[in-house]
Structure formats: structure tokens, C-alpha cells
Amino acid sequence: MQKEKYLRNFAALLTFIFVATLSFLSFSYSKTFKIATTTSIYDSGFLDFVIPAFEKKNDIKLAFISVGSGQAVKIFKNGDADGIIIHERSFLDELKKAKLINGYSAFVSNYFILVGPKDKKDLFKKVKSVQEAFALIRKNNFKFVSRADNSATYIRELEIWKLAKVQPNFGGYIKAGQGMGMSLNLANEKGAFILTDEATFYKMKDKLDSLDVVYQNSREQVLTNIYYFAYSPEKAQLSKFVAYLKSKEFKNLVSSFNQKFFKKEIYRVVK
Amino acid sequence: MLANVVLSTMIVCIPSTFLAVLIGVPAGYFLKVKRFKYRKMLIRIVYTLSGLPPVLAGLLVYILLSKKGPLGFLDILFTKWAMIITQVILIVPIVTLYTLSGLKNIDSVLENLDYLNVKGCKRYTAIVREYLKEIVYAIVLGLSRAISEVGGVLIVGGNIEGSTRILTTAIIFEITKGEFSNALLLGAVLLAISFTFNTILQILQGDAFD
């Protein structure tokens with residue numbers, strides 16, 4: 001009979017845990033908008049820093065799904081996300097053409113930079129453009145880590161190889177197939193060069209002890225990295241978010257983010 | 001933050017294990033006891049599925065639940081529900097397989113029950129009581145799989161902070177950012193939870209019945 005009692009208690013306990021968790025689950029997602037976002041701006045902690053103020057004021061919750069730009073576009077196209085944040089304009093033009101968005105707004109920018117092993121930094125002192133730097137890497141068959149995913153950074157990297165008139169198929173070319181952070185870790189371990197955005201690099205810099213900036217130039221068009229927000233026309237409420245991205249409050253948060261994590265201006269508000 | 005991730009982990013893993021046991025144990029019993037045409041074939045399928053790669057399960061559930069998919073109208077992609085579905089798919093074959101191999105001497109047990117003329121509901125309670133130890137083992141296996149799984153739940157959950165971020169996906173996220181010490185800390189929490197669960201189950205199983 002002792003056994004029977006235990007059995008009953010056991011069953012009761014399991015059922016209780018089950019019902020409790022399931023009822024917890026039923027908490028609403030009603031006012032939550034899903035935003036598919038590119039990894040770089042999310043992994044840097046930027047979105048988590050600037051969004052709560054917006055959510056609080058408007059009683060809207062934004063849930064970010066952080067994936068590569070290519071996947072973000074796919075998710076948005078399938079209707080599984082209500083909004084999208086990416087830094088590849090051609091993708092947005094496609095979405096606009098397909099009438100999946102009415103338009104898009106640029107809200108923040110930073111720059112792409114070339115980072116690489118500290119001991120090879122001097123070799124790049126006389127380099128005048130990023131394509132020249134890439135050609136130099138190719139010429140010496142230095143290791144180079146490519147994201148090799150469908151991300152905006154990768155698309156930009158391919159553009160630069162094209163400008164340099166070089167096929168990226170040399171021995172030192174490593175295809176990572178991973179996000180920005182993981183690819184930076186890989187480059188750090190392998191002593192390789194890599195194209196990255198400033199924010200992700202500086203946010204991770206103290207963990208990337210063998211890497212340093214070898215080339216940067218804020219006047220080169222191809223190195224400008226602009227982030228855009230767009231939303232589905234069916235989710236008109238998200239226009240509030242666009243307004244927020246243009247507000248003074250947002251601007252102030254951007255500069256305090258820069259101050260807090262970089263001590264210099266990395267993210268710049270786009271007017 | 002951490003508390004939220006731990007809570008989400010429980011909310012995903014416990015119901016998925018529970019549902020998987022609810023499906024897997026009867027399925028295992030059925031496959032062990034009943035004789036029918038494609039039984040051997042079905043058992044082979046269960047064996048195969050018990051090694052189903054989580055990312056594949058994740059992909060299938062993703063396609064199913066996407067707005068463009070057949071179950072898109074449910075609107076549960078990137079929620080805990082999607083994660084639970086994925087985990088149930090992954091755990092059911094494991095629980096089934098374990099039940100199948102755990103029901104030793106079931107024939108003589110059934111014979112005894114026939115002899116005593118125990119029918120209907122009472123018959124199944126008697127069987128559950130007889131094999132409770134095996135069933136708890138199946139729960140342990142299911143829960144271990146649920147709690148350690150990452151590929152599938154990352155795909156269908158989206159690792160959204162405050163809703164679908166659980167311990168394993170949070171570990172991946174910390175690694176992505178190069179925060180290895182944070183990742184290690186989360187790993188320790190995961191192990192501690194697993195240890196607690198197993199302790200509870202062991203007490204229920206061992207101390208009560210030995």
C-alpha cells in the first residue's frame with residue numbers, strides 16, 4: 001500500500017508541475033512585435049540598450065531574432081517577423097519591389113574596418129584604399145577569415161575583392177560560415193585578417209588580443225555601414241518605432257551607448 | 001536575467017518531457033506487446049528517429065510553423081510552443097525505445113494479470129506500478145535530452161531575450177560574443193539543474209521502492 005501512495009503522489013507532483021508550466025506559457029505575446037535583425041547590431045548590445053525606453057513609453061514589446069542579414073530577409077519575407085533591421089540596402093530594395101514594405105529608414109551607421117594580426121600592422125602603413133589592402137593580403141597569401149554566409153558584411157567583402165580585381169580563392173582564405181563574433185574569434189586564433197564592423201570589433205576587443213585595426217577610412221563609400229529599419233505595412237503600429245528612431249531621446253541614448261562602451265563615437269545617428 | 005533564462009528552460013523542458021512520456025511510454029508498450037504487420041519496420045523507424053539530429057527536427061518544425069507553412073495560421077513560430085513541439089519530436093523516440101527495451105518479462109506479468117482476471121484501467125495501473133522504475137528512467141533520459149538540446153530550439157525559438165532564450169541557446173549566444181566565462185557559468189547552472197532533477201527522480205524512484 002505504501003507503494004500505491006508514492007505512486008499517487010508522484011503522479012500528482014508531475015501533473016502539478018506540468019499544469020503550472022503550461023499555464024505560465026499562456027502568458028500573452030499579444031502586443032509583441034517580432035523584429036528579425038542582423039547579428040552585428042544586436043550582438044554589440046546596442047538594441048538592448050536603446051529599445052527599453054521605447055517599449056516603456058509606447059507599451060509595445062519588441063522581440064529580436066538575431067540572425068544573418070540573408071536569413072533575416074527570409075524570415076521577413078515568409079511573414080514570420082513584423083519588422084526587419086539590416087545593413088544591406090539591395091535586400092531592402094527587393095522587399096520594396098515585392099511590396100512587402102512601403103519604405104525603409106536609415107537610423108544609425110558605423111564603418112567597416114580591416115583588422116588583422118598586430119605584427120603585420122606595419123605592412124599596411126602606406127596602403128591608400130581598402131582594395132589595395134585586400135590585394136596586399138592576396139599577394140602575400142596571408143590568412144583571411146571570410147564570414148562566407150549570406151550576411152551584409154560578406155556581401156561587402158565580396159564587393160571589395162571585386163574592386164581589388166582579385167578572386168578570393170587563395171590558400172589563406174578561410175570560409176567561416178559563422179556570425180561576426182565567432183568569425184572574429186576564429187581570426188584571432190588563426191592570426192588572420194578579417195573585415196568587420198567597428199562596433200562588434202571594439203565591443204570584443206579585449207578578448208581579441210592578437211588583432212588590431214590595420215586599415216580604416218571613413219571617406220570610402222564601400223566602408224560605410226548603414227543600418228536600416230523597415231516593417232510590414234500590415235503592422236502600422238511600428239511607425240511609432242520609426243518616429244522614435246528619429247527622436248532626440250534616441251539620439252541621446254546612442255551617444256550614451258558610445259560613451260559607456262567605446263569611449264568614442266562609433267554609432268552615428270543618421271539624419 | 002539569469003533567473004529568466006532558467007525559468008524559460010524549465011517552462012520548455014518540463015512540458016516537453018511530460019508530453020513525450022505521455023506519448024512514448026504507451027507507444028513503447030504497444031510495440032512490445034502487440035503483434036501486427038509492420039511492427040518490425042516501426043521499431044526500426046523508432047531506432048532511427050532516436051538519433052534524429054536536432055537541427056533537422058528544428059528545420060522541419062520551422063517549415064511547418066512558418067507563415068508560409070501548413071501550420072502557419074497557429075502563429076507560434078519563435079515562441080516556446082514551437083520549442084516544445086521540436087523537443088517532443090526529439091524525445092518521443094528515445095522514450096519509446098527505452099520503454100520497449102525496459103519492459104522485460106512483460107509476457108509473464110500479462111499472464112499473471114490474465115490469471116487474476118484484472119481488466120481495463122486496473123490492468124494498466126498494475127503494469128505502470130510494476131515498471132515504474134523503467135518509466136522513471138525513461139523520464140530521466142527524456143529530460144536529459146530536453147535540457148541539453150540546442151540546435152533545434154535555436155532555430156524555432158530564435159533565442160529571443162526574455163521569451164525563447166534558454167540556458168543552452170544563451171550559452172551559444174555568449175560564445176558568439178566571445179564571452180567564454182559567462183558561457184561557462186551558464187553551463188555550470190545547466191549542470192546544477194540537471195543534477196537537481198535527477199536527484200529528485202532518484203529519490204522518487206530508489207528510496208521509495210527499494
Side-chain angles (χ1 to χ4, degrees), chain A residues 2-11 13-15 17-27 29 32 34-37 39 42-45 47-48 51 61-67 71 74-81 178-185 188 200 203-208, chain B residues 7-8 10-19 21-22 62-63 65-69 72 75-84 125 128-130 132 135-136 139 154-165 172-181 200-201 203-205 207-209:
Chain A
Q2 189 73 341
K3 216 169 174 179
E4 194 110 14
K5 208 178 118 201
Y6 271 113
L7 187 63
R8 226 176 299 141
N9 286 346
F10 188 43
L13 178 73
L14 279 182
T15 319
I17 295 173
F18 181 67
V19 172
T21 43
L22 270 194
S23 47
F24 200 93
L25 252 188
S26 322
F27 269 117
Y29 288 91
T32 303
K34 289 176 200 153
I35 314 286
T37 171
T39 50
Y42 186 77
D43 294 1
S44 71
L47 290 176
D48 281 343
I51 297 310
K61 219 176 138 21
L62 300 183
F64 293 101
I65 302 151
S66 149
V67 289
Q71 198 188 337
K74 255 294 174 358
I75 289 174
F76 184 78
K77 262 188 186 164
N78 283 347
D80 295 321
Q178 304 212 56
M180 197 68 257
M182 279 304 255
S183 299
L184 277 166
N185 285 329
N188 187 49
T200 313
K203 195 76 194 289
M204 286 176 68
K205 194 163 186 320
D206 49 336
K207 286 153 211 122
L208 305 168
Chain B
L7 193 65
S8 296
M10 309 280 193
I11 292 172
V12 169
C13 293
I14 292 173
S16 42
T17 308
F18 193 89
L19 283 172
V21 168
L22 232 48
Y62 188 104
I63 293 169
L65 295 181
S66 169
K67 278 274 161 59
K68 290 229 169 122
D75 198 20
I76 55 168
L77 188 62
F78 302 129
T79 67
K80 290 196 187 81
W81 292 105
M83 299 164 89
I84 289 174
T125 344
V128 168
R129 213 180 320 157
E130 189 65 33
L132 192 63
I135 292 172
V136 173
I139 296 175
L154 189 61
I155 295 171
V156 302
N159 195 32
I160 298 167
E161 199 202 331
S163 84
T164 60
R165 182 166 303 164
I172 292 278
F173 186 52
E174 293 301 326
I175 294 171
T176 300
K177 293 187 291 178
E179 304 275 2
F180 297 114
S181 49
I200 294 170
L201 287 171
I203 289 169
L204 279 166
Q205 179 194 46
D207 294 1
F209 303 116

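Quick note on labels: first sequence line is chain A, next is B, and so on, each numbered from 1.
Legend: residues meeting salt bridge (Lys or Arg N to Asp or Glu O under 4.0 Å) with A:D48, ordered by chain and number and at least two apart, are absent. By the side-chain hydrogen bond (donor to acceptor under 3.5 Å, both in side chains) test, A:N78 is found to be paired with no residue, residues two or more places apart in sequence or in another chain being considered.
Taking OG1 of B:T176 as the start and CE of A:M204 as the end, the distance is 8.5 Å to the nearest 0.5 Å. Here the CD atom belonging to B:E179 is positioned 10.5 Å from the CG atom belonging to A:D43, to the nearest 0.5 angstrom.
With a 4.5 angstrom heavy-atom cutoff, B:I139 touches chain A only via side-chain atoms. Contact of A:I75 with chain B is made through backbone and side chain together, with heavy-atom distances under 4.5 Å. Contacts of B:V136 with chain A are made by side-chain atoms alone, with heavy-atom separations under 4.5 Å and no backbone atom involved. Only the backbone of A:K77 has a heavy atom closer than 4.5 Å to any heavy atom of chain B.
Counting heavy atoms from C-beta on, the side chains of A:N185 and B:F180 come closer than 4.5 Å.
Of all heavy-atom pairs between A:K34 and B:L77, the closest is NZ-O, 2.9 Å.
Top candidate by heavy-atom pairs under 4.5 Å with chain A, chosen from B:G162, B:S66, B:G158, B:G72, is B:S66. Note on B:I160, B:V128, B:N159, B:L65: by heavy-atom pairs under 4.5 Å with chain A, the leading option is B:I160.
Crowding of A:K74 atom NZ: a count of heavy atoms from other residues, nucleotides or ligands under 6.0 Å not exceeding 12.
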